[in-house]
Amino acid sequence: MIKKRRAVPGIHSYNAPAGGWGALKATAIAVRTQMDTVEAPITLLRTNQPDGFDCPGCAWPDKEHHSTFQFCENGAKAVTWEATSKRVTPEFLAQNTVTSLLQKTDYELEGYGRLTHPLAYDRDSDTLRPVEWDEAFERIGEILRGMQSPDQVEFYTSGRASNEAAYLFQLFAREYGTNNFPDCSNMCHEPTSVGLPQSIGIGKGTVSLEDFDHAELIISIGHNPGTNHPRMMGTLHELARRKVPIIVLNPLRERALERFTDPQNVIEMATYSATHIASSYFQVKSGGDAAALKGIMKTLLVMDAEQGNVVDHDFIAAHTQGFERLAADLAAIPWEVIEKECGLTQAEIEQVAIAYAKSKATIITYGMGITQHNKGTANVRLIADLLLMCGNIGKPGAGICPLRGHSNVQGNRTVGITEKPSENFLKKLEEVFGFTAPKKHGHDAVNAMRSMVQGTSKALICLGGNFAVALPDPEQCFPAMQKLALSVHLGTKLNRTHLLVAEETFILPCLGRTELDIQASGRQSITVEDSMSMVHASSGKLKPASEFLRSEPAIVAGMAQAVMPDSKVPWLELIADYSIIRDLIEKTIPGFDNYNARIAVPGGFRMPLPPTKRQWPTPTGKAMFSVFSGVHEDTQAQEDDILRLMTLRSHDQYNTTIYALDDRYRGVFGRRDILFMSDTDLDARGLEHGDQVDIETVVAGSTLRLQNITVIAYNIAPGSVGAYYPEANVLVPLDYIDVESGTPSYKSVPVRVTLSAGS
Ligand SMILES: Nc1nc2c(c(=O)[nH]1)N[C@H]1C(S)=C(S)[C@@H](COP(=O)(O)OP(=O)(O)OC[C@H]3O[C@@H](n4cnc5c(=O)[nH]c(N)nc54)[C@H](O)[C@@H]3O)O[C@H]1N2
Ligand SMILES: Nc1nc2c(c(=O)[nH]1)N[C@H]1C(S)=C(S)[C@@H](COP(=O)(O)OP(=O)(O)OC[C@H]3O[C@@H](n4cnc5c(=O)[nH]c(N)nc54)[C@H](O)[C@@H]3O)O[C@H]1N2
Ligand SMILES: [Mo]
């Protein structure tokens, strides 16, 4: 029986498929509210074209990189957001103090538009004032030269930066003397970067787009492609229409994984029809994936013992180590434990195992639902184990497919943004550039913030992003920003991290991906690496948002030169022609042979991926099975009234950038102060749809709370609740992390939910 519910403002159930005409309408609105409508269609058509720019939206590769335009609602939003005609002018900044701007929401702040001038914080007037580029660089130079140790400075990278900008940024920091590279990846796919090398020898996915043409089964775990990797929907749609089974493991029913109308499909659009995407949808509990994966593997072992031919023993013998230990661990774990932890029944898990055993080529795709847990790295290794068990790595149509976040986060890592550089890489840098590189490992994102909280780190330089807002626990992070001696931000739009001003703060406005970048040698291209290790060129075409903008590589070089007047690197020469930067990348990092020549080809080239050839660059030379003893997310917080909070992206946001206040596919309009809860959990607490609730984090030592949130009944696994990121970051403790990777457990915060006082 369907319960009668009270009406809640802004909450309407959404029964249509994802995509379709709604997506076209949303795109039209994004264009109308942000851009000059004459330029917009041409700009959008240049996205992901051979001589155009790479979409700043997501890291999904482009099948048609050399032919037709692929429609993508959220790609269009990312482009129009950057190509907006709105501007943050010096006049606007003179009239609005930093203190008053800090009262605005993140949505309002970025909504003011593009930054136009380099800015310095003026304490007397409490405003941001235009400053000359050279003056800013000189002052940054003085402050950095005055640090007691280079390790007091943190160099943060957000994954939109190009290979060229990121390479120069790491070169700058390393010549200056530190490996402190907090990076957005530390909050994202670090468990992939740490876990996969242990399993298969490289921290990257092994599949290409072509593999999806040959796959017989897709298992999609913990990601929401309808919103976050919308171009992937075209691929899933095609597979579903070919009747390739798609099994989804996700606590929350995501509409795009249920039904999708492809805006490129004329017949579906004309007939208002849709395609069912998931062949089976299993609502695993948040944090229950490890248990579910172990259950699937446990079943496979039983099936293999009973009927044979399930586990690929030849592959295991030839290519792997550690299988016996894994098998013993799986045999020992009781089904009751698995069922309780993941919320699925043995019969449901067996269905997945049967489908998996039947498929001759399986791809497992995964996202933040796997990594942002305090067992994130173990989760990633378990996915690798499941694939290895049936030889599903290194053959057509099979493999592991982590869905990366930012459009070049993978490339940033490849070109040296890492706090733990290899000795070989440092040696190469020393050989080619002639400076002594720092050997001591540096800080990742959480450790950088911890050092800022403790006051041992004194300066922060951000190549993009919104560091303090993206991290957990603003109560600790925000004041830490304000204690710094210096903060410097390369950015396109104003955000809260910029406004949490240090003793001295500079905001340096840069060109975006869509904009023309002209240097001494002419128009420049940059390069990026997508989720499938394809490296290709991107060149903007729009007139820059302001004549005072500089490119990211030019800003990094200008700063580096001013900080280190005796630098061994010819910074300004590098900026004249980015192909020289690419030559240096080629000289210092393996896999970039003939870099400049190979990006001249549309679609670019693929970085080496030895596991695709069944070569395993692990210390043993074999692929390694792992043992994750237990299934629990953590040992604390197992009491029955505790729920697992997952912090999620809405359909109208890009990380901390909020494009608009709707989350169309989840039926939320004009608001974000929502907690998604199952009927079972509402009933257990005597709560009703629309009640005001308080949420309290239940981690030892934590006093984090979020009050007066509207709880709504939703189709989500009992035991799991959902709220929006970044608003819910007030509930995530800074030290509640996956110890192996340092990634915060943004998807499994133990919380207690109660009716708000006075409601
Ligand atoms: N439009 C748009 N595109 C984006 C982004 C954006 O914000 N907006 N962000 C970019 C970035 S940086 C990233 S990292 C990616 C993020 O892309 P996703 O990985 O899709 O990230 P989330 O929105 O955080 O969604 C996680 C999904 O995991 C599910 N989930 C949560 N916890 C669990 C769990 O314990 N187990 C399982 N199985 N599922 C779980 C949630 O229900 C949700 O469907 O997208 C990139 N692309
Ligand atoms: N609770 C919770 N927290 C999370 C997550 C979660 O799921 N839940 N997800 C985490 C993840 S996966 C990630 S990747 C991080 C994201 O963390 P970040 O990458 O730090 O954050 P973004 O919101 O992507 O950064 C937005 C800012 O980037 C700047 N920007 C945009 N385009 C450009 C450009 O072309 N160049 C430069 N220099 N700047 C530009 C703009 O000024 C904009 O304000 O957040 C993490 N935080
Ligand atoms: Mo991310």
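Atoms within each ligand, like the ligands themselves, are counted from 1 in listed order. Only a predicted model underlies this, so the values are computations on that prediction, with no experimental measurement involved.
Of all atoms in ligand 1, numbered sequentially from 1 with element shown, those under 4.0 Å from a heavy atom of E254 are 42 (O), 43 (C), 44 (O). Atom numbering of ligand 2 starts at 1 in the shown order; those under 4.0 Å from a heavy atom of M368 are 12 (S). Close approach of ligand 1 to V284 (heavy-atom distance below 4.0 Å) involves ligand atoms 38 (N). The atoms of ligand 1 that sit less than 4.0 Å from any heavy atom of S286 are 34 (C), 35 (O). The I221 neighbourhood of ligand 1 comprises atoms 38 (N), with distances under 4.0 Å to a heavy atom of that residue. Short contacts between ligand 1 and N74, defined as distances under 4.0 Å to a heavy atom of the residue, involve ligand atoms 1 (N). Residue L252 has at least one heavy-atom neighbour below 4.0 Å for each of these atoms of ligand 1: 42 (O).
Residue M187 places no N or O, backbone or side chain, under 3.5 Å from any N or O of ligand 2. Backbone and side-chain nitrogen or oxygen atoms of K747 are examined, and one is located within less than 3.5 angstrom of a nitrogen or oxygen of ligand 1. The distance criterion of under 3.5 Å between nitrogen or oxygen atoms is not met by G367 with respect to ligand 1. Below 3.5 Å of separation, one finds no N or O of H406 facing any N or O of ligand 1. In terms of polar-atom proximity, defined here as any N/O pair under 3.5 Å, E82 makes no such contact with ligand 2. Between R666 and ligand 1, not a single N/O pair is under 3.5 Å apart. Of the polar atoms of R404, none of the N or O atoms is found under 3.5 Å from an N or O of ligand 1, judged by distance alone.
Neither the backbone nor the side chain of H489 has a heavy atom within less than 4.0 Å of ligand 2. Of the heavy atoms in H229, only side-chain atoms (C-beta onward) come closer than 4.0 Å to ligand 1. Of the heavy atoms in L403, none comes closer than 4.0 Å to ligand 1. The proximity of A470 to ligand 2, defined as any non-hydrogen pair under 4.0 Å, involves the side chain as well as the backbone. Residue-level proximity to ligand 2 for T492 is carried by backbone and side chain together, each with a heavy atom below 4.0 angstrom. Contacts of R649 with ligand 2, taken as heavy-atom pairs under 4.0 Å, involve the side chain alone. Here N495 has side-chain heavy atoms under 4.0 Å from ligand 2, and that is the only part of it that gets that close. The part of R160 lying near ligand 2 is the side chain, judged by heavy-atom distances below 4.0 Å. Contacts of H189 with ligand 1, taken as heavy-atom pairs under 4.0 Å, are absent altogether.
Annotation: atom 30 (N) of ligand 1 to nearest protein heavy atom, G369 CA, 3.6 Å. Of all protein heavy atoms, the one lying nearest to atom 38 (N) of ligand 1 is D289 OD1, 2.8 Å. Regarding atom 8 (N) of ligand 2, its nearest protein heavy-atom neighbour is T647 OG1, 2.9 Å. The single protein non-hydrogen atom nearest to atom 29 (C) of ligand 2 is G465 N, 3.8 Å, given as residue, atom name and distance. Scanning all protein heavy atoms for the shortest distance to atom 2 (C) of ligand 2 gives Y746 CD2, 3.1 Å. Regarding atom 1 (N) of ligand 1, its nearest protein heavy-atom neighbour is T227 O, 3.1 Å. Scanning all protein heavy atoms for the shortest distance to atom 21 (O) of ligand 1 gives N228 ND2, 3.4 Å. Among protein heavy atoms, atom 11 (C) of ligand 1 sits closest to G405 CA, 3.2 Å. The protein non-hydrogen atom at the shortest distance from atom 14 (S) of ligand 1 is C188 SG, 3.1 Å. Summary of contacts: the protein heavy atom closest to atom 35 (O) of ligand 1 is G287 N, 2.7 Å. Scanning the protein heavy atoms around atom 20 (O) of ligand 2, the nearest turns out to be Y156 OH, 2.6 Å. Among protein heavy atoms, atom 7 (O) of ligand 1 sits closest to N655 N, 2.7 Å. Atom 42 (O) of ligand 2 has K493 O, 2.8 Å as its closest protein atom, hydrogens excluded (heavy atom only).
Ligand 2 is never approached by A728 to a heavy-atom distance shorter than 4.0 Å. Within the 4.0 Å heavy-atom cutoff, R644 does not count among the residues contacting ligand 1.
Atoms CG and CG, on N374 and D738 in that order, are 7.0 Å from each other to the nearest 0.5 Å. Considering CZ of F92 and OG1 of T116, their distance stands at 11.0 Å, rounded to 0.5 Å.
Residues K285 and E341 fail the side-chain proximity criterion, which asks for heavy atoms closer than 4.5 Å. Counting only heavy atoms from C-beta outward, the side chains of L675 and L645 approach each other to under 4.5 Å. Side chains of N715 and L252 form no contact here, defined as non-hydrogen atoms less than 4.5 Å apart. A 4.5 Å side-chain heavy-atom check between F282 and I349 finds every atom pair outside the cut-off. Two residues are said to be in side-chain contact when any heavy atoms from C-beta on lie closer than 4.5 Å; D444 and D183 fail this criterion. Taking 4.5 Å as the limit, some side-chain heavy atom of V668 sits within range of a side-chain heavy atom of F676. With a 4.5 Å cut-off on side-chain heavy atoms, Y356 and I247 do not count as touching.
Under the 30°/60° scheme for interplanar angles, the aromatic rings of H223 and H229 are found to stand perpendicular. By the 30° and 60° cut-offs, the orientation of the rings of F155 relative to F172 is perpendicular. Between H189 and Y366, the ring planes are perpendicular. Angles over 60° get that label, and only those under 30° would be called parallel. The aromatic rings of Y659 and W81 sit perpendicular to each other, their planes meeting at more than 60°, with 30° as the lower class boundary.
Taking the charged nitrogens against the carboxylate oxygens, D652 and K77 do have a contact shorter than 4.0 Å, which makes a salt bridge. At a threshold of 4.0 Å, the pair R231-E73 does not count as salt-bridged, since none of the basic side-chain nitrogens sits closer than that to a carboxylate oxygen. A salt bridge between K204 and E529 is present, with a side-chain N of the basic residue lying under 4.0 Å from a carboxylate O of the acidic one. Salt bridge D530/R404: absent, no basic N to carboxylate O contact under 4.0 Å.
Partners of E515 according to the salt bridge (charged side-chain N to carboxylate O under 4.0 Å, His left out) rule, which considers only residues two or more places apart in sequence or in another chain, are R114. Considering only residues two or more places apart in sequence or on other chains, T505 meets the side-chain contact (heavy atoms from CB on, under 4.5 Å) condition with Y121, S487, H489, V501, A502, I507.
Considering T657, T656, N408 only, the shortest heavy-atom separation from atom 22 (P) of ligand 2 involves T656. With Q653, E552, R496, R513 as candidates, the residue nearest to atom 34 (C) of ligand 2 on a non-hydrogen basis is E552.
Seen from the ring of Y654, R160 counts as a face-on cation partner, given the 6.0 Å and 45° thresholds.
If you check the side chains of S748 and H373, you find a donor sitting under 3.5 Å from an acceptor.
Minimum heavy-atom separation, D662 to S650: O-OG, 3.9 Å.
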